Student: 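Take this structure, written in structure tokens, and hold onto it; I'll ask about it next.
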Amino acid sequence: MLLIKNMSKSYDGVKKACDTINLEIEAGDIYGFVGHNGAGKTTLLKSICGIIDFDEGDITVLGKSIIKEPLEVKKQIAYIPDNPDVYESLTGVQYLEFIADVFQVNQDRRRELIEKYANMFEISDVLQNPISSYSHGMKQKIVVISALIHEPKLLLLDEPFVGLDPKASFLLKEVFKDMVNHGTAIFFSTHVLEVVEKLCNKVAIIKQGKIVAQGLTEEIISNQSLESIFMEIAKES
Amino acid sequence: MKLSRLIQIQLKNNFSFKRFFGFDLKKNKAKAILIGLAIVYAIGALIATFGYMFFDLGGMLKEINQTHLLISFSTVYALAFSMISVLLRASGYLFYYKDYDILAPLPIHSRKLFISKLVVLLTMIYFVNFIIALPIMFAYFYWEGFNILSLLIYIIGFLLIPLIPTIVMSLLSLGISLFTSKLRYSKIINLIIMVIVFIGIMALSTSMSNTTVNPLTGQIDLFTNITKYYPPFKWFNQAVYENSLLDLLWLIGSHILIFGIAIYFIEKLAEFTNKRGIRSHIIYKQKKLSYQQKPVVQSLVEKEFKKFFGSALYALNSGVGLVMLVVLAIASLIFKADVEGMLSQELGFALNAEIMLIVVFGFVIGMTYTPAISLSLEGKNLWILKSLPISASYVMFSKIVFNLILILPIAITSLIMLGISLSIPFVNIILLMLLIIAFSILTSCLDAVINLYLPKFDFQNETEVIKQSAGAFLGIFGTFGVLITFGVAYYFISDYISLEVSIILLTALSVILTIPFVYIIKTKATKLFLKY
């Protein structure tokens, strides 16, 4: 599904934000991505979905390169950033319709999915209100729904649980499980290590731009907790 | 924290070169050179137009021993600009500022916070006021003779004059925000109120009497009256003209007293409004949702419309030219002779009706500069467009289409109305229509390229993009530059070919000049998008 080969990226030409990253994510994976602040998590996620470019290597989604065929890749993915900055001049439903138009989701399907997820995340009654009147959590929910209504093959999320209430977090995890059962791959960054332990079948740990551990979650953590492994890795410098 | 330190931080945060231009000048030498050239061009244009008019007027006033009226011009312009500026900005700068959540928890007295915000607002006003006043000051001191004391009094007075309007208009701005916040279509109503106030101020400051010598002479009566009835202007005029220290003392004393008292009370009001925030209390009607699949370009253009009408500042600044064009076109049908006379007076008798209209429409199209700022206005939302399967050039073309939808229906309708009232032959109206369409496409593409290369995404307030960014600056002056180029081209060809052929050639020139901009958008947009 997602193949990252020798990907490197530097913002200043000196320090590498991502350093020769190699990673493979398969259909049905829920892949957790952990690392300290500034380790390169957001840079990698943004590079995968074509928001920023990178200096070396290649990233392919379903065999298509984000460098050579960016629009074809973007049709297959959805990205949720760490901050839900969306068009505040639109109403919730107008924003969702805009996204549905871009992904050419037909009228019946968009109605079905918008209603399903709006009801699930309990924002049906505010869909016609301007997004400027939403709380942070409501905006986060709109962004999550916008990522789900076009049924992406690969879902990329940057700190998806920040700002969501416990019920919404639980529901989102349930949505994740449902999606991977239908062949979607999910790759998300988080600082909540417990979520990775419980939810993800695979995990990668990034430190100063380099992947220092990756693989099946149960193999990585073995008999320890992910927190203790993360702390051990953080100490090694 | 010391007030001076707080002000220093606020000024640095609002007025650094990086904040103004959207990039680091030291790291982008090519862009820095481009900006430098644009500034030189803008100064040149200011001196050649505004400067020359006031120099000419100064000469006439000198003959009748009335040079002091030039001081009235500078003060009335300063007053008008201060009023419009404060009206548009005070709500966001003083009463509901965005960094309140950061500043409020800090152990800083609310009065210091208020003063620091006020200083930022006033600095912006002073900057523009001095740019407007410089040609007038030059004309005054040239014809009246230079005197260091007069200059010092002029500067002191110029710093004081905007203070009282700032107080009055900031309260009006807050009133409008509070009033419209309770209404469902608050933004549209806010926009309408702002347009009415704006046009009112513009109409007052440019009102004319019957004169054909210099367009500015028509404003003399009005300015004389304002000076007569508004004591600070009288004190200021006499202080500068007669070097009267007593009048200067009146000016300083009255302003310090009124402004000091106002700060004391408005500071408390600002603390209250910022703490409370805008409470809308709006209950949105929950209709049955209907979904409709649309082409992507339509969705993108609709998004632009919502953004445009969702921000009074955006609509007012980049749409006011069109509003004035409509007013002019309707007025031309009712007051045909007056409008014809006004156009002749403003633009010169030597020009025929078609050329006068080209100049008027050129300026209006130049003032409708949405593609020069709309990419910047994506700001923190840019990730959405970048992550979607839409090419960057497609996004830019949708912004161009939006600008054309904004301009063309209004411009064409106005052209027909003006064409009828000015008795322009039908064929020439059609030719002018083609030129307006071609010119609008050219300037929209030029604006889009400007914004592609000079975006400003990191802004705290939309004003920074709409009024103070390099994109806005170059968007407006770039179009005026194209217009001047056309004027020069017409000057050289008009003796040899007919008016109709000249218009056709200008249309063809617009089309030819558009091609490189379209090429840049098609080939460079994707790469540039990835950089941001």
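Protein chains get the first letters and strands the later ones, always in sequence-line order, with residue 1 at the start of each. Predicted model, so just to flag it, every value in this text is computed and none were measured. Side-chain atoms are counted along with the backbone in the values below, which use heavy atoms only and exclude waters and symmetry mates.
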Student: Under 4.5 Å between any side-chain heavy atoms of Leu71(A) and Ser391(B), yes or no?
Tutor: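 Answer yes - side chains close enough.
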Student: Does anything in residues 367-379 of chain B get under 4.5 Å of chain A by heavy atoms, and if so which residues?
Tutor: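 The list, in residue order, reads Glu378(B).
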Student: Quick one: pull up CD1 in Ile384(B) and OH in Tyr95(A) and give me the separation to the nearest 0.5 Å.
Tutor: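 Going from the CD1 atom of Ile384(B) to the OH atom of Tyr95(A) covers 3.5 Å.
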Student: Can you tell which of Pro81(A), Ser146(A), Ala78(A), Ser124(A) has the highest number of heavy-atom pairs within less than 4.5 Å of chain B?
Tutor: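 Counting heavy-atom pairs under 4.5 Å, the top option is Pro81(A).
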Student: Let me know if Leu300(B) has heavy atoms under 4.5 Å from chain A in its side chain, its backbone, both or neither.
Tutor: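 Its backbone and side chain both get close to chain A.
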Student: For chain B, which residues of residues 34-52 of chain A have at least one non-hydrogen atom nearer than 4.5 Å to it?
Tutor: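 Within residues 34-52 of chain A, the residues under 4.5 Å from chain B are Cys49(A), Gly50(A), Ile51(A), Ile52(A).
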Student: Indicate the atoms forming the closest heavy-atom contact of Ser290(B) with Glu97(A), along with that distance.
Tutor: O-OE2, 3.7 Å
Student: For a quick test of reading the model, state the closest non-hydrogen atom pair linking Val296(B) to Val102(A) and the distance between them.
Tutor: CG2-CA, 4.0 Å
Student: Look at Asp53(A), Leu90(A), Asn129(A) and state which one has the largest set of heavy-atom pairs under 4.5 Å with chain B.
Tutor: Asn129(A)
Student: To the nearest 0.5 angstrom, please state how far the OH atom of Tyr87(A) sits from the NZ atom of Lys303(B).
Tutor: 4.0 Å
Student: Can you say whether Leu96(A) sits under 4.5 Å from chain B via the side chain, the backbone, both, or neither, judging by heavy atoms?
Tutor: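 Answer is neither: Leu96(A) stays 4.5 Å or more from chain B.
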Student: For atom NZ of Lys153(A), is the number of surrounding heavy atoms from other residues, nucleotides or ligands below 6.0 Å larger than 12?
Tutor: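 Atom NZ in Lys153(A) is not crowded, with 12 or fewer foreign heavy atoms closer than 6.0 Å.
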Student: Are side-chain heavy atoms of Val86(A) and Trp383(B) found at a separation under 4.5 Å?
Tutor: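 A side-chain contact exists here, since the closest heavy-atom pair is under 4.5 Å.
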Student: Taking only residues two or more places apart in sequence, or in another chain, which ones meet Phe103(A) in a ring pair (Phe, Tyr, Trp, His ring centres under 6.0 Å)?
Tutor: His150(A)
Student: Which answer fits Gln104(A), side chain, backbone, both or neither, if we ask what part of it has an atom under 4.5 Å from a heavy atom of chain B?
Tutor: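 Both parts, backbone and side chain.
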Student: Is it true that atom NZ of Lys527(B) has more than 12 heavy atoms of other residues, nucleotides or ligands lying nearer than 6.0 Å?
Tutor: no
Student: Name, in order of residue number, those residues of residues 392-407 of chain B that have a heavy atom at a distance of less than 4.5 Å from a heavy atom in chain A; otherwise write 'none'.
Tutor: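 Near chain A, by residue number: none.
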Student: Using 0.5 Å steps for rounding, measure from the NZ atom of Lys307(B) to the CD atom of Glu88(A).
Tutor: 8.5 Å
Student: Is there a donor-acceptor pair under 3.5 Å between the side chain of Asp101(A) and the backbone N or O of Gln293(B)?
Tutor: no
Student: Applying side-chain contact (heavy atoms from CB on, under 4.5 Å) to Tyr291(B) and Val105(A), what does each step give before you reach the verdict?
Tutor: CA-CA 11 Å; Tyr291(B) 298 91; Val105(A) 181; over 6 Å; no
Student: If you tally heavy-atom pairs under 4.5 Å against chain B, which of Leu156(A), Leu127(A), Asn83(A), Val93(A) wins?
Tutor: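 Highest number of heavy-atom pairs under 4.5 Å: Val93(A).
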Student: Could you tell me which portion of Thr526(B) (side chain, backbone, both or neither) has an atom closer than 4.5 angstrom to a non-hydrogen atom of chain A?
Tutor: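 Interface part for Thr526(B): neither.
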Student: How about Tyr519(B): does its OH atom have over 12 heavy atoms from other parts shown lying under 6.0 Å from it?
Tutor: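 Not more than 12 within 6.0 Å, no.
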Student: If you count every heavy atom of other residues, nucleotides or ligands that lies below 6.0 Å from Phe272(B) atom CZ, does the total exceed 12?
Tutor: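 It does not: Phe272(B) CZ has 12 such atoms or fewer within range.
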Student: Where on Asp125(A) is there a heavy atom nearer than 4.5 Å to chain B: the side chain, the backbone, both, or neither?
Tutor: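 Contact with chain B is through the backbone of Asp125(A) alone.
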